[in-house]
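Worksheet for the structure shown next.
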Amino acid sequence: MKIALVAHDGKKADMVAFVMKRLDFFKRKDVELVATGTTGGMIENAGLKVECLNSGPLGGDAEIGAMVTRGEMDAVIFFRDPLDKHPHDVDIAMLMRLCDVHKIPLATNYKSAHIIIKYFKGK
């Protein structure tokens, strides 16, 4: 299964903490990780293999969106910072819309991500 990990700057530490707490799942041989720029680097530093794409503002969100449309993504975990403005808000909206259109599970916060990973653990 292929899972995308994305986090706004204010949520990157939360993403790393989320992944570290679930290393047994994320280190499984059947789990592939894809992440945008800095988030991917931080996850790699935590000891996981990650396909790193461009950062969000440089097109990373769009790259993940393209993977969603091609049927290559099983879930997207995007820890958004809802209280801050982002220069690439249109890309974020596009990614979220594509997940809905293609029926890809999308978590935008710690609790919803927990539920998605709990579901995939059972598969």
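Side-chain atoms are counted along with the backbone in the values below, which use heavy atoms only and exclude waters and symmetry mates. FYI, the numbering just counts along the sequence from 1.
- Side-chain contact check for F79 versus T108: every heavy-atom pair is 4.5 Å or farther apart.
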List the steps and the verdict of side-chain contact (heavy atoms from CB on, under 4.5 Å) for H102 and M73.
CA-CA 10 Å; H102 294 276; M73 201 61 60; over 6 Å; no

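- Sparse packing is recorded around OH of Y119, with 12 or fewer heavy atoms of other residues, nucleotides or ligands lying under 6.0 Å away.
- L33 pairs in a side-chain contact (heavy atoms from CB on, under 4.5 Å) with only one of the listed residues (I3, V19, I77), which is I3.
- Here M94 contributes atom CE and C99 contributes atom SG; the two are 9.5 Å apart, rounded to the nearest 0.5 Å.
- Heavy-atom minimum distance, F26 versus I117: CZ-CD1, 3.9 Å.
- Side chains of V31 and K27 form no contact here, defined as non-hydrogen atoms less than 4.5 Å apart.
- Note: E63 CD to N54 CG = 4.5 Å, rounded to the nearest 0.5 Å.
- A donor-acceptor pair is defined here as one N or O able to donate and one able to accept, closer than 3.5 Å; no such pair exists between the side chain of D81 and the backbone of H8.
- The NZ atom of K2 sits 12.0 Å away from atom CD1 of I104, with the distance rounded to the nearest 0.5 Å.
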Worked check of side-chain contact (heavy atoms from CB on, under 4.5 Å) between I92 and R80
CA-CA 9 Å; I92 296 162; R80 299 182 322 118; 4.0 Å; yes

Chi angles and distances behind the side-chain contact (heavy atoms from CB on, under 4.5 Å) call for L48, M42:
CA-CA 9 Å; L48 292 168; M42 293 175 80; over 6 Å; no

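- Checked for salt-bridge contact, K12 and D9 meet the test: a charged N lies under 4.0 Å from a carboxylate O.
- Residue A66 comes nearest to T69 through the heavy atom pair O-OG1, 2.7 Å, listed as atom of the first residue, atom of the second, then distance.
- Here L5 contributes atom CG and F78 contributes atom CZ; the two are 11.5 Å apart, rounded to the nearest 0.5 Å.
- Hydrophobic clustering (ILVMFWY, side-chain heavy atoms < 4.5 Å, transitive): M1 and V76 are in distinct clusters.
- Note: I115 CD1 to N109 CG = 8.5 Å, rounded to the nearest 0.5 Å.
- Using a 4.5 Å cut-off on side-chain heavy atoms (C-beta onward), I43 and V16 make contact.
- Taking CG of D24 as the start and NZ of K121 as the end, the distance is 4.5 Å to the nearest 0.5 Å.
- No close placement of the H114 and F18 rings is indicated, their centers lying 6.0 Å or farther apart.
- Listed for the E44 side chain is no donor-acceptor partner under 3.5 Å among the backbone atoms of K49.
- Nearest heavy-atom pair across I116 and A75 is CG2-CB, 4.1 Å.
- Looking only at side-chain heavy atoms (C-beta outward), R28 and F120 stay at 4.5 Å or farther from each other.
- Taking 4.5 Å as the limit, every side-chain heavy atom of V34 sits out of range of all side-chain heavy atoms of V50.
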